[in-house]
Amino acid sequence: MKTAAISELPKVWADVLRWVTAGEEVQLTDSDKTVARVLPPAPAAPDFLARAQAIWGEQAEGTPLSALVEEGRGTR
């Protein structure tokens with residue numbers, strides 16, 4: 001994990017952005033105490049619905065998933 005002093009931040013901001021872009025967490029410190037963290041963005045969640053529609057189209061053949069779940073629970 002990288003660290004950067006708040007007092008030096010204007011000089012090292014380009015480095016901080018490069019580190020975060022590379023996926024590293026950067027701790028910002030003031031008098032050797034961590035006061036903030038700069039984190040890379042969380043990865044986007046996969047779009048399962050779009051993937052399923054690309055494979056099977058708008059309406060997949062077979063039993064709907066909701067019916068399978070109900071059957072498994074014994075509520076059907």
Spacing of T29 atom OG1 and L9 atom CG [to the nearest 0.5 Å]: 9.5 Å
Least distance between heavy atoms, P10 atom then S7 atom: CD-O, 3.9 Å
Same cluster (ILVMFWY, side-chain, under 4.5 Å), W19 and M1: no
Atom pair CD (Q53) and CD (E58), whose distance is rounded to the nearest 0.5 Å: 4.5 Å
D32 atom CG, over 12 foreign heavy atoms within 6.0 Å: no
Side-chain donor-acceptor pair present, T34, Q27, cut-off under 3.5 Å: yes
Residue pair V16 / A4: nearest heavy atoms and the distance that separates them: CG2-CB, 3.9 Å
Interatomic distance, I6 atom CD1 to L28 atom CG [nearest 0.5 angstrom]: 4.5 Å
From CA spacing to verdict: salt bridge (charged side-chain N to carboxylate O under 4.0 Å, His left out), E70, R73: CA-CA 5 Å; E70 287 178 355; R73 291 178 179 164; over 6 Å; no
L17 reachable from L39 in the ILVMFWY side-chain graph, under 4.5 Å edges: no
Test: D15 and R18 ion pair at under 4.0 Å: yes
Rounded distance [0.5 Å steps], CD in E8 versus CH2 in W13: 14.5 Å
Heavy-atom pair of closest approach, residues P46 and R51: CB-NH1, 4.4 Å
